[in-house]
Structure formats: structure tokens, C-alpha cells
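Structure, as C-alpha cells:
Chain letters run A, B, ... following the sequence lines, proteins first, then strands; residues in each count from 1. Quick caveat, the model's predicted, so the values are computed rather than measured.
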There are 2 protein chains.
Amino acid sequence: MSDVARAAGVSAATVSRALRGEPGVSEATRRYVTEVAKRMRYAIARDASSLAGGRRYAVAVLAADVGRGDLLAGAEGALRGAGYDVLLYVLRDADARARFFEELPLGRRVDGVLALAPDLADAEVAALASLEVPVARVREDDLRASVRTAVDHLVGLGHRDVALVLADDESYDDVLVAAGLEVRPEWTVWSSPTVAGGEQAVDALLDGERPPTAVVAVGGEVALGLLLRLRRDGREVPRDVSLVALDGGDLVRAVGVTAVEVAWRERGEHAVSALLAGLRGEEAESEPPAPRLVVRDSTGPVG
Amino acid sequence: MSDVARAAGVSAATVSRALRGEPGVSEATRRYVTEVAKRMRYAIARDASSLAGGRRYAVAVLAADVGRGDLLAGAEGALRGAGYDVLLYVLRDADARARFFEELPLGRRVDGVLALAPDLADAEVAALASLEVPVARVREDDLRASVRTAVDHLVGLGHRDVALVLADDESYDDVLVAAGLEVRPEWTVWSSPTVAGGEQAVDALLDGERPPTAVVAVGGEVALGLLLRLRRDGREVPRDVSLVALDGGDLVRAVGVTAVEVAWRERGEHAVSALLAGLRGEEAESEPPAPRLVVRDSTGPVG
DNA sequence: CTGAAAGCGCTAACAT
DNA sequence: ATGTTAGCGCTTTCAG
């Protein structure tokens, strides 16, 4: 930096101020210094800058797995754009995770933490808080909104008999009711999140005396299983039955299944903006972007 | 650090040496200092350490997209294990990429660069080299080995009539010949890398007078397209025709298609070991891990 | 084997 | 608006 200062005929302090956009430098000087620096291919040494200034210009990004690639990419882009480096920590398995939270290797290394790991235990959240830097999290998704979006789409196409293939033991009867649809217990089935699970669900659903005209399935594997089985049984999608997947990723995109998809990239960017607010000392809480309907070829008007 | 030094009754220099495993400290002292440091929850400040020592304990990881999640995860794990921080740079689109290589924001920030972007231009490689730190790359895959593995598997099952559905305009006739198989021009077709492309390929392949008994397809979409169309046409897989995908990812895993998969995680780890060698000043070149056959339900004995 | 002293390259007060 | 002066928290000679 002193080289640049000498070349520009100013002091190092001025170079520092100019390059960082700090106030207290005339525009002319700033422009000139910036130009000289670029010509000399000079860039501020982050270590020294951090050491002297206290700010680290880096954010730790915790990823449970890197499967949701767009989430990570979105976060990285937004952070980079805001001038922060991204320190990636992959919390692959329970082991790596335990080690991470035990060592908590972030002390004095980052200005903030972005946790893309959706399911943090209370103790883990507390551990992050103990770092005394802002923390932002991407939370587990609330499927309710997605189900609503899917059902609305189907209702718009004239469907009244809508079945749900769910994981776990959730129930979204209320969503169906709110949409003015009839609720029949045999129209909600729970399935393992696999292709085989989806295939089996077809039996449970369409063998009854009053088969639904549309099915909403959680997850790409299940949706794919449904699709495969329907086709093999000679049923046309969407002519005989419409199909909407909830967040199926590449799987359903590839086969043209209409889906309600989480906007992962935008979620990442949204989380970053929350973190940046925290870094500014603000508290700006806002809603993450809603899941969006992507209409493909598996839904059509009720036959 | 001076606090720890005081508490341990030694000098800061000794603490530094002890904590970094530098020689020149008695085992007893090292043990004691380490213990005191842990008790005080002290960790060396990376910035100061880097500034004073010249080493940065960080590696830049360049990812073209984060789709190959396991590649990134493998690299991260290996680097972390070796004591390096991971600075992630996502080179999403041409724009981000151009900007990155123009600014080349790595100067004096990392000890090495790991380029997971498979298709670096010569100028980009040169730019990285200009950083004067070790660079390791994960290269584009050579499909030839994968094709060979797939064909060997099929031959082992008794197949003699093997078709290839390829992207681009490659040819692997030589692989077929080497396996002692008959080569018929109509058994090699080129397809767009989509489900639709795979579906079309079925027509080209199985309508002839002598349909192959097995098909090798590049990519998950194509393989999935083949599978879907075969089923719809009433052909059983693998009874009527066996199917092997080359690197289809989740798509083919989900539907149980036998595949030759790139060992992405291991590729990441391998690349890191090459980089670490470079950081040690060595040159150790070794072969990346070979793609591996994962037998699922889409291949069976001929006939 | 250990300690003292001199920076590493910056930034932040304080002057001017 | 700019320059000067102290460090930031370590690592590294160089002594002892």
C-alpha cells in the first residue's frame, strides 16, 4: 500500500480511505488513487485490514448438504455482491456436525453466520449465538403454503376431487376445506418418500369407487412413482388424472410434472439480506419468498 | 495470546509454537500450554497469524455450479481436514465468471486454488497461474472409461447386441470392438440430453429389424426417457432390454437404473490431495478415481 | 528449549 | 482533506 501511496503522492492513510470508499477524501484524489492502484494491480491485504480494522469481510455459510445447490449459489452471489467472502462449512453428517459445534472454529474469523442447515437443534442455535456475531437462518419449509398453491391451481382447472400423497403424518384437510373441496379420508395417503412409495400410492388412491381427478404429491420421488405407475396402468396424465409435485427438483422438471417449487436461489438471497441487516445493526425481518407454481405438462382441466 | 502466555507462565512465542505444533518446545510445555489454551477457549487469530506468518490457511474453491454437490462436499471435507478454510467462489454464469477473472480477488488471500469448474479457458488457467499459488483442477470427464465399464457389465450378462445413445457426436465403436461386439451403425444414435430425446431414441433403436438387447445412454434425462418410453411400449426392463446410464445422478438412482457413476466425492478429495501436494512443493500426479458401476434393476441377463 | 524484540500491512485517532 | 502516529495479534529471527 505504501508503494501505491508513494506512486500517487499521498499517504497510506489516504490510499486506505480512498480504496475503501471512506468519506474524507476528495473525489479527485479518490479517483486518482483508485486508478493508480488498479494500474499497479494492488489490492488491499485482507488480513492486515481485518487485524487493524476489526472487521473481517467474511461470512461463514453453514450447509447441511450441498444438495440444494441453488440455495448456496444464491447466498454466495448475494454475499459476494455485498463485499463479503464466503467461508463454506459443510455439515455433512452427524459427526462433522458435532465436531463443528464443539470446536466452533469461527471465533474472530467472520463478521456473520448464515446457517443453511434447516434443522438446527436449540443447543446449536445457542452455540452460534455465543459467537456474538449476527446469525441468519434459512428455516425448514412450511408446506402448507405450497399445498394451498397446488390446490388453487387444480381448482382453477376445475378439479373438485383432489387427493394428497404426503410424507410424515401431516394433514392438510383444512386447506382442502378452505378451497371448498370435499374431504374424503381415502384421498389422503401417506407414502415413503421413494418412487416405490409413489407407485403404491396409486393403488390406494385409484382403486376406490370414486377416484380423485387430481393428485398432489410431496417430493420428486413420490411424484415420479405416481407418474410411472399411472402410465403403466394405461392412464394418461393429465387427461385421466392431473399431478402436482411439491418441490420435486430435477426429478419432476425432467419429466414435465407441474410443481410448486421453493425458490431456492431467492431464499438464499433473502437470507443474506437479513444477515446484512443484522450486520448493519438493524433487525429487518421480512417473509422469505413464497414457493411458486411451475406449470408443466402434468396438469390439465378436469376431464 | 498474551493472556494464555501469562496464565501458563510462558512467553507468547512459546504459546505460538506450542499451539501450532512447531518444533522447539518440550512435550511437557506443549501439553500444558495446549491445556491452558483450551480451558481459556483461546484460538489463534487467523488474521494476525497470516499477517505475521505469511501463510493464509485458506484455499479458494471455484465452482462452476454447485450442482455436483458431492464434488464440493468432498473437497471441503478434505481441505477442512488438512486445516484449511474454504473460500467459495461460485462462477455461476458467463458474467460472474468474467468478473471473477478480471478482478481475480484472490491475491494474498489464499494459499492455493481448487478449480472445480471443469471447462476453464486457456486464458483463465493462465490467470490462475499468475496468482503464484498452487492450483489444482478437476477436469472434464473422459466418458470412454465409463462406456467401457458399462459395456463390460453388459457383456458379462451375455449381451452381444449393445446400442449407444450419445450426446455430441462422439463415437465409441472402438470400445465395442475391443469388447468383441458387433458394431452396427444403427446401434449408435445421438440424442439431445433430455427426456424427450431419450424417448425418441427408442424409436430409432428398437424399430429396426434387429433391435439391440441392451442400451447404454449418456445422462440421466436420456436414460429416463428411454425407460419411460420402453415401459409405455410395453417392453419390460430388463427382461426385454437392459439399460445402463452414464452418470445420471439422482434421476436414475430414483428409478433404479443401473449406472456408471462418477465418484464425485472422491474426485473432490483426490483433487485436494493434489493441491496439498502442491502446497508442500511436491508434484505428485496421480489418476483420479475411476467411475464405478452401480448395478440396480435395469440390467439383467440377455434373453 | 525458551524469551525479547522487531515487524507483517493495514486502520483509526489525532493532528494539521 | 490529508498526514502522522500507534497499535491490531501474531510469527520469527536472534539471544540466552
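Straight-line distance from the CD1 atom of B:I44 to the C1' atom of D:dT11: 10 Å, rounded to whole Å. Rounded to an integer number of Å, the gap from CZ of A:R55 to P of C:dC10 is 17 Å. Here C:dC10 presents its P atom at 15 Å from CD of A:E22, a figure rounded to the nearest Å. The nearest whole Å value for the distance from the CZ atom in A:R46 to the P atom in C:dC10 is 12 Å. Distance CE (A:M1) to P (C:dG9): 12 Å, rounded to an integer number of Å.
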Residue pair A:S130, A:L104: steps toward the side-chain contact (heavy atoms from CB on, under 4.5 Å) verdict: CA-CA 10 Å; A:S130 79; A:L104 218 55; 4.0 Å; yes
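Remark: of the listed residues B:V272, B:L72, B:V61, B:V61 is the sole one forming a side chain to side chain contact (heavy atoms under 4.5 Å, CB included) with B:V86.
Atom CG of B:D122 has 12 or fewer neighbouring heavy atoms from other residues, nucleotides or ligands inside a 6.0 Å radius.
The residue A:R108 sits close only to the backbone: its heavy atoms come under 4.0 Å of sugar-phosphate atoms, none of a base.
With sequence neighbours left out, B:T14 forms a side chain to side chain contact (heavy atoms under 4.5 Å, CB included) with B:V10, B:S11, B:R17, B:V25, B:T29.
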Summary of protein contacts for nucleotides 1-8 of chain C, nucleotide by nucleotide, where a base hit scores B, a sugar-phosphate-only hit scores S (4.0 Å, heavy atoms): SBBB--BB
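Considering only side-chain N and O atoms, B:Y57 lies nowhere under 4.0 angstrom from the phosphate OP1 or OP2 of D:dT11.
For A:R20 and A:S16, the side-chain atoms include at least one donor-acceptor pair closer than 3.5 Å.
Across A:A43 and B:R108, no two heavy atoms sit closer than the pair O-NH2, 2.6 Å.
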